[in-house]
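One structure is given here, and the rest of the page talks about it.
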Number of protein chains: 2
Amino acid sequence: MSGISDVARLAGVSKATASRALTGNGYVSAETRAKVQDAARALDYVASSNAASLVTGRTRNIGVIMPSVTRWFLAEVLEGIQDALLDHGLDLTLYDSRPGTTGRARIFDDFLARKRFDGLIAVGLEPQDNEIERLQAIDRPMISVVGDANDPGTISIDDRDAGRRATEHLIGLGHRHIAFIGGTEPHWAHWDRRRLEGYMSAMADAGLAEYARHIECDITLPGGYAASVDFLGDTKRRPTGLVCACDEVAIGAIIAARRLGIQVPSDLSVVGVDDHEFADVFSLTTLAQLPREQGMTAVELLLRHIADPSAPVPSVALPARLIVRSSTGPVDRASSAIEAGTRPR
Amino acid sequence: MSGISDVARLAGVSKATASRALTGNGYVSAETRAKVQDAARALDYVASSNAASLVTGRTRNIGVIMPSVTRWFLAEVLEGIQDALLDHGLDLTLYDSRPGTTGRARIFDDFLARKRFDGLIAVGLEPQDNEIERLQAIDRPMISVVGDANDPGTISIDDRDAGRRATEHLIGLGHRHIAFIGGTEPHWAHWDRRRLEGYMSAMADAGLAEYARHIECDITLPGGYAASVDFLGDTKRRPTGLVCACDEVAIGAIIAARRLGIQVPSDLSVVGVDDHEFADVFSLTTLAQLPREQGMTAVELLLRHIADPSAPVPSVALPARLIVRSSTGPVDRASSAIEAGTRPR
DNA sequence: TTGAAAGCGGTACCAA
DNA sequence: TTGGTACCGCTTTCAA
């Protein structure tokens, strides 16, 4: 393992000049630069990042904190972040902090305080009470993916709008009995709450507030499946349209419907949010978001913020794009038990 | 930001003593230790890991390199690794190196050479030609998850055995026309090749070699779906049993079967390998592996190796556990087109 | 059991 | 444009 002194010696210059030639900071003649670079290559020189960080205060490392890596959306964002960081030559330190684990507590109490990163990206974090203080105490540039676009440094889709447009899509197909599925009281996230609000306002605007109904479930495929098996079994109250908090829940609902012999979309239309990698296989109509791009955007915003901490940090609210597949279709009033009990308009 | 000198001053001791008290290396009286710890707490002292690493050569950071984080198995292993590392107070640097990307090339050419980690865990990496040399050049302890258990420092299930037992399960149910689905020529991984071998040997041992058939597909849910729609459509040649390279492929096959009106398991029995989080929702019979445990085991092996580099590094081959759900059942000879053309034994 | 002092491997200031 | 040198913050001899 040769150090910069070895490189300097071989190139016949001082350590200082070697450093300047290699980092590109300060004046070096083209000639000496070439000499130094040759020497470095000959010795397979790799700078010690510890030594460099110690004096510059820069780690060339970005921390990413998220509540899981096993959810499709989060994993996609993570890959977008990784790609962008690799392009910039920056390392990625992962803090996978599942709510309620001792690991999460340690991350907030110890790991973040070490500040082994120049900046932090929080993805879908939903910090609880004292975690927020910890985050603020870190005193490092930070960007959030998923969250309230009114907060500075937040990248997300307009969740309220997504919920609204998913609902309007079904209303446009003639549905009135439309339910929303997703979210449970202890575990509400910012985004599913917003999507529910969008659903509610679309229903209200269409004069369908009395038909609005919210079914709680875990925001996972098995969660959506379990809840759907329950409420779809009740034939009398079964809605004809279903707005789902996300695609994983929607796919769970579709699987449940099949198991119960309910045809999608003739008996039940289902719309999700995400454009999950499985959405196509399930022919799922959905409001697509691009998590990978969100991750890459987060990196760009963060690096800009690090480069110029005094500049205001923008937020980015991306629109979701409606992709119509065949899990939604016009309501079939004749064959619907719930419509049979409703007076026609 | 106070440093160790501040702590030392406040505690009324020297830097050296403060360091000893805080790190636990060297003799310090219980009394001074307490004094130093109090001072550290009072000042919210956090040691600079750069400074410490510079002198000790230890980074207290582990690198994890894997070809993706969006596959269920890999994400689960990653969370197992993260949990174990958090327990030990170690950071995790992620190198997500998707095959064929420029990012992957950079990881192998630049990032790994920086050695910003005390050890490396490679998960399902399948390094290609020159990548292997790069890996060896790193000269840091390394453990592999997924791979050949004959190589030292490898954790995996016995893939051959898993393929064999999945096949034997179907044979035991009376199936003879059993196909294997998964793996395509350019992208063979070590594990799906081994599972195919297990399938082949089970077929041969049961005298069913003539019925063996291998269907190629991408090792993903959409890949399994697409291939299945194709080959299940050919009623005359349709097998009654299907051994899948992994659960994602198996679930894709089940979805394809449903779409084609093929009943599972009465028309087609499907068995996978993994016990994916969706396996239960699809009632999938599978050979379960525990990726989270594999990740945690990898950390333990790696830390032991780092602590004592001269000790031999063991390998761990875990057995997969058969979980029978309702995607497999006895063959129904009467209703099977393919069986109709076969003489009974 | 403690303190003084020498680095770890770079960067950046200042003078030449 | 280059070289000498102090120093980043900590650990670790070595001597007391």
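Protein chains get the first letters and strands the later ones, always in sequence-line order, with residue 1 at the start of each.
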Taking [X] for the side chain and [Y] for the main chain, is one N or O donor matched with an acceptor at less than 3.5 Å?
{"X": "A/S2", "Y": "A/L43", "value": "yes"}
{"X": "A/S315", "Y": "A/G153", "value": "yes"}
{"X": "A/R116", "Y": "B/S49", "value": "no"}

- Assess whether side-chain hydrogen bond (donor to acceptor under 3.5 Å, both in side chains) is satisfied between B/S68 and B/T70, documenting all intermediate values. CA-CA 6 Å; B/S68 163; B/T70 60; 3.0 Å; yes
- How bent is the helix from C/dT1-D/dA16 to C/dA16-D/dT1, comparing axes over its five end pairs at each side, to the nearest 10°?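 Comparing the first five pairs with the last five, the axes sit 30° apart.
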- For A/D308, all residues meeting side-chain hydrogen bond (donor to acceptor under 3.5 Å, both in side chains), sequence neighbours excluded: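 Testing A/D308 for side-chain hydrogen bond (donor to acceptor under 3.5 Å, both in side chains), a comparison that skips the adjacent residues, returns A/S310.
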- Message: Quick one, B/D91 and B/F117 - any side-chain contact, counting heavy atoms below 4.5 Å?
- Response: no
- side-chain hydrogen bond (donor to acceptor under 3.5 Å, both in side chains) partners of residues 118-128 of chain A, not counting sequence neighbours, each pair once: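 Every pair satisfying side-chain hydrogen bond (donor to acceptor under 3.5 Å, both in side chains) with a residue in residues 118-128 of chain A: A/T59-A/D118.
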- Message: Less than 6.0 angstrom from the centroid, inside 45 degrees of the normal: does B/R104 satisfy that with respect to the ring of B/F108?
- Response: no
- Message: Please list, in numerical order, the residues of residues 19-36 of chain B that have a heavy atom closer than 4.0 Å to any atom of DNA chain D.
- Response: B/S19, B/R20, B/T23, B/N25
- Message: Please give me every residue in residues 11-18 of chain A whose heavy atoms get under 4.0 Å of an atom in DNA chain D, ordered by residue number.
- Response: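 A/V13, A/S14, A/A16, A/T17, in order of number.
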- In terms of side-chain geometry, is the basic nitrogen of B/K35 or B/D38 positioned less than 4.0 Å from the acidic oxygen of its partner? no
- Task: Flag the pair B/R9 and B/D6 as a salt bridge only when some basic side-chain nitrogen lies within less than 4.0 angstrom of an acidic carboxylate oxygen.
- Result: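 Answer for the salt bridge query: yes.
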- Item | Pairwise distance CD1(B/I65) to CZ(B/F111) - rounded to 0.5 angstrom | 11.0 Å
- Item | Point-to-point distance, once rounded to the nearest 0.5 Å, from CZ of A/R60 to CG of A/L85 | 10.5 Å
- Separation of C/dG3 P from B/R9 CZ (nearest whole Å): 14 Å
- Taking DNA chain C as the partner, which of residues 40-63 of chain B come within under 4.0 angstrom of it by heavy atom? B/L54, B/V55
